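What follows is a set of notes on a single structure, which appears directly below.
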Amino acid sequence: MSNYIPTIGVEVHLELKTKTKIFSPSENGYGKMANSLTNEIDLGYPGTLPTLNEEVINIGIKAATILNCKIRKVMHFDRKNYFYPDNPKNYQITQDRTPIGYDGYVEIEVNGEKKKIEIKEMHIEEDTCKSAHRGNKTLLDFNRAGVPLLEIVTKPCISSSEEAKLYLEKLRELLTYGDISDCKIEEGSMRAEPNVSLRKKEEDPFGTKVEIKNIGSISNVVAGIEKEIERQTKLYDQGQEIVPQTRRYDDKIQNTVLMRVKETGNDYRYFPEPDIPFVVLTDEMIEEAVKEIPMLPDERRRIYQELGVSKLNANKLVQNRPLSDYFNELLGEKINHQTASNLLLGDISAYLNRNEKDIKETTLTKERFIELVNLIDNNTLTSKNLKEIIIPLLEEEKTIQEIMKDNNIENITDDTEIRKIIRKVIEENKDSVEDYKNGHERAIKFLMGQIMKETKGKANPKMTMDILQEELK
Amino acid sequence: MRYLNLPLVEINKLLKEKKIKPIDLVNEAYENIEKHKEYNAYITLNKEDAIRQAKELENKEVDNLFFGIPIAVKDNIVTKGLRTTAASHILDNFIPPYDATVVEKIKERNMIIIGKTNMDEFAMGSSSRTSYFGPPKNPWNKNKISGGTSGGSATTIALRDVPIALGSDTGGSIRQPSAYTGIVGLKPTYGRVSRYGLIAYASSFDQIGAMTRNVYENALLLNTIVGHDDKDLTSSKKENEDFTRLIGESVKGKKIAIPKFFVSEIVSKDILDNIKQVVKILEENGVIVDYIDMKYVENTVTLYQIIAMAEASSNLARYDGIRYGYSYEKPNNIDDLYVKTRANGFGEEVKKRIMVGSYLLSGENAKTYYNKALSIRDDIRKEFKRVLNDYDWIMGPTTATTAYDLDDPMDDPSKSFLDDVLVMPANMTGLPGINVPIGFGKDNMPIGLHIMGDSFEEAKLYQIASFIEKELKLDLNPWKGEENE
């Protein structure tokens with residue numbers, strides 16, 4: 001596409017799922033009335049001091065572990081000084097010199113090949129407040145001020161928009177599974193800011209970097225990077241220089257727009273935050289935090305497949321966290337796991353989606369689910385039966401047997417009784433038997449139909465077929 | 001009858017016996033303040049609320065020594081519903097929505113806040129002359145400074161308006177005005193008293209402390225304001241203790257170090273003579289006094305200026321006219337709001353320190369100045385720890401001269417150096433330091449002795465300070481003369 005080699009780095013900001021803010025006891029919540037989740041600390045009142053939410057440190061350790069980072073055991077916070085109305089103290093408490101995690105990586109698969117996206121560092125900081133512009137006025141909502149953030153910075157090692165996309169998807173999957181953040185780009189709990197530069201040859205130094213901000217989705221990250229590569233290519237081809245700058249992606253015109261040209265030497269006057277003593281992470285603290293990390297997606301996929309679940313089903317399960325967690329409860333059970341996954345991804349998923357429910361909100365306990373899997377697996381229940389009783393199965397407390405009885409499902413599993421009926425049908429349909437013996441395979445379906453009619457559909461189909469074939473020999 | 005002149009223990013007895021009521025004390029305090037209006041000790045009085053509170057207390061049991069006692073609070077300690085300005089135009093309409101932790105503590109004991117005392121703007125200065133509200137005047141001579149930055153608290157205690165006050169000390173701001181006005185002031189160990197609600201100047205130095213008429217009452221007041229605070233991560237987890245417990249115990253065999261620099265030619269002869277007098281008394285009572293060489297003592301002011309101004313430049317960034325305080329009325333845009341609010345709202349000294357501080361943190365300067373100063377600060381701590389391993393206390397004069405004239409020039413760098421150099425080590429190291437009056441100069445102005453102790457050994461400071469106080473038996477009430485007028 002172009003004669004230049006793109007170099008891409010990505011900065012990701014994640015809001016952490018804590019109960020309270022990072023430096024104050026105010027609730028950390030989204031979508032509440034403006035300025036209802038604030039106190040004097042969030043507003044930067046005179047005399048206030050930060051406290052430190054230990055939950056954030058704990059999550060930081062987990063995130064660093066998940067992203068294969070080294071963990072800084074002695075760290076401190078720094079003040080980043082700049083004036084902006086959304087920055088209540090006019091300094092932001094962040095980690096400049098001692099980020100909690102560094103030198104990590106995320107593994108992605110590009111065209112079937114594995115690639116490590118290297119992570120330079122990840123640090124903890126506080127979010128700013130949210131501003132809304134109304135005419136010539138700006139309204140400030142401090143609910144977001146002090147919400148804990150994790151900033152994850154890659155090395156400039158991404159070489160295409162596709163890689164950036166795969167990295168972000170992988171990051172989102174990992175960190176959602178690690179209970180680090182809900183990673184909702186549309187709600188702003190995950191913000192991705194790529195930077196792009198071009199150069200002619202691998203040996204050349206990096207070109208001038210341009211940052212892209214305000215991107216509302218992963219697909220727009222891809223679009224933004226591509227537009228930027230296009231723009232820079234054109235400029236270089238025309239013999240022009242690239243000015244270091246920050247652009248934003250405008251969804252309406254589907255292109256990037258200049259926000260501001262980088263001033264040389266943006267001076268944040270960083271210095272260690274004197275109000276927060278150094279934080280020392282002990283091995284015990286790290287161990288405790290790491291223990292809390294749930295099983296991660298790659299491991300889930302691997303284990304599911306080892307248990308006989310198809311690759312397709314394994315992927316689908318992992319894409320649905322509540323179902324995957326439910327499924328994880330069954331890993332040690334002696335059941336047909338493929339059947340179990342089909343069941344979860346089929347009728348049960350359909351029901352949950354229809355009713356906007358979580359599987360935990362249904363009456364399907366682990367024990368009942370296992371029973372259900374076995375009933376299907378030994379053909380006591382047909383898929384048709386299942387569709388009939390899916391609602392009571394998920395909404396009523398009754399046993400499966402009771403539910404089956406309520407719905408008149410009494411499958412005949414006694415083979416002497418079935419054999420009796422089969423013989424009767426054979427006797428009454430000699431023509432069809434003849435056809436079958438002459439090689440008309442379809443005739444057996446007719447016979448099956450007759451048997452089912454005779455048993456009012458209560459015969460176990462697999463068993464019936466086995467006996468029928470035996471009798472026809 | 002002037003009850004507020006009595007020792008706290010006696011006032012408490014009278015209250016318990018119902019011979020007087022809290023309202024009598026409050027009324028007397030306001031009569032005193034009214035009479036001493038020209039001393040300009042207060043920025044804001046809390047009269048209406050204090051009277052209401054005093055009346056409410058009439059139905060309550062006198063359950064502690066400080067019940068119903070009028071107290072003055074420095075105006076950089078926030079008080080819910082009571083204007084708190086830090087002596088700055090930029091906060092002159094600021095009514096805090098919350099109480100500082102120390103204020104909660106004094107309210108729990110039913111002390112009655114009489115008013116907010118005058119100070120240097122944002123505690124930047126050494127004579128309280130940078131106050132937006134004009135300087136307080138020295139009770140011993142109206143033409144002299146009361147010192148700073150807790151000049152208003154020192155003035156009102158020296159005047160005996162109220163018996164107790166809170167001050168704050170970033171670079172000598174409790175001890176120096178205490179010396180100039182002849183009262184007792186102690187800067188506790190950094191972390192001993194919660195800073196929550198203390199309007200920050202230089203976070204790693206700031207500490208709240210008690211300012212009182214005598215050593216014993218200082219220890220009593222400190223008892224009530226210390227303790228770990230979950231809201232201040234730099235507050236220590238030390239158990240509470242009775243700081244009066246060593247008062248009266250023998251000091252025989254104890255060892256005191258006097259760094260030679262502290263009694264060098266930088267100190268006036270008057271003061272040196274008084275120090276010698278005290279040394280003589282101590283030695284007569286079996287205390288060993290050595291004059292020693294100490295590294296770094298001359299350098300603390302320079303290092304302090306780097307660290308404190310850097311921190312201040314960041315701490316004062318929040319005053320932007322957006323959320324509270326003074327706001328420029330007709331800004332053209334947000335930058336205009338910032339610039340004009342801060343240009344009009346801050347005084348000259350504050351602006352100077354913000355600019356110097358910003359410069360010190362700027363680009364490579366942070367490494368050259370700020371980080372280097374922090375690392376030397378560690379060395380200074382070690383040097384003081386080393387000396388305190390061998391000695392019980394480190395001693396010297398609190399100030400190089402007695403209080404100077406109010407109209408002396410404010411921009412004399414050598415003077416501001418001398419204002420700070422003797423008391424600064426306690427802030428650099430975080431160690432506790434106390435001023436105890438030891439006499440008067442030829443100008444009839446009070447002279448103070450400064451004693452430093454090891455971390456969290458405030459009780460030991462009170463022990464030696466109280467011993468000296470008892471030996472000297474000074475008459476420290478400037479009011480006496482006034483009453484005779």
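The chains referred to below are lettered A, B, ... by the order of the sequence lines, with proteins before strands, and numbering in each begins at 1. Here the structure is a predicted model, which is why all the values come from computation and not from measurement.
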Exercise. Tell me, side chain or backbone of B:I322 under 4.5 Å from chain A's heavy atoms, or both, or neither?
Worked result: side chain
Problem set entry | Region of A:P25 that comes under 4.5 Å of a non-hydrogen atom in chain B | neither
Exercise. Considering only heavy atoms, which portion of B:L91 lies under 4.5 Å from any heavy atom of chain A: side chain, backbone, both, or neither?
Worked result: side chain
For this session: Measure distances from A:L140 to the heavy atoms of chain B and classify the residue's part below 4.5 Å as side chain, backbone, both or neither.
Result: side chain
Problem set entry | Between A:G44, A:P50, A:P277, the one whose heavy-atom pairs under 4.5 Å with chain B are most numerous | A:G44
For this session: Dump the intermediate steps for side chain to side chain contact (heavy atoms under 4.5 Å, CB included) on B:L233 and A:L49, then the final yes or no.
Result: CA-CA 8 Å; B:L233 293 171; A:L49 295 170; over 6 Å; no
Problem set entry | Heavy-atom closest pair, residues A:P272 and B:L374 | CG-CD1, 4.4 Å
Please report all inter-chain donor-acceptor pairs (under 3.5 Å) between chain B and chain A, with distances to 0.1 Å.
| from | atom 1 | to | atom 2 | distance (Å) |
| --- | --- | --- | --- | --- |
| B:Y98 | OH | A:P46 | O | 2.6 |
| B:Y98 | OH | A:T48 | N | 3.2 |
| B:R195 | NH1 | A:D275 | OD1 | 3.3 |
| B:R195 | NH2 | A:D275 | OD1 | 3.0 |
| B:Y196 | OH | A:E40 | OE2 | 2.8 |
| B:G197 | N | A:G47 | O | 2.7 |
| B:S314 | OG | A:R79 | NH1 | 2.9 |
| B:S314 | OG | A:N81 | OD1 | 2.9 |
| B:N315 | OD1 | A:R79 | NH1 | 2.8 |
| B:N315 | OD1 | A:R79 | NH2 | 3.1 |
| B:A317 | O | A:N90 | ND2 | 2.7 |
| B:R318 | NH1 | A:G44 | O | 3.4 |
| B:R318 | NH1 | A:Y45 | O | 2.9 |
| B:R318 | NH2 | A:Y91 | OH | 3.0 |
| B:D320 | OD2 | A:N90 | ND2 | 2.9 |
| B:R323 | NH1 | A:L43 | O | 2.7 |
| B:R323 | NH1 | A:P88 | O | 2.6 |
| B:R323 | NH2 | A:P88 | O | 2.8 |
| B:Y324 | OH | A:G44 | O | 2.6 |
| B:Y338 | OH | A:Y84 | N | 3.3 |
| B:S362 | OG | A:D267 | OD2 | 2.2 |
| B:G363 | N | A:D267 | OD1 | 3.3 |
| B:G363 | N | A:D267 | OD2 | 3.3 |

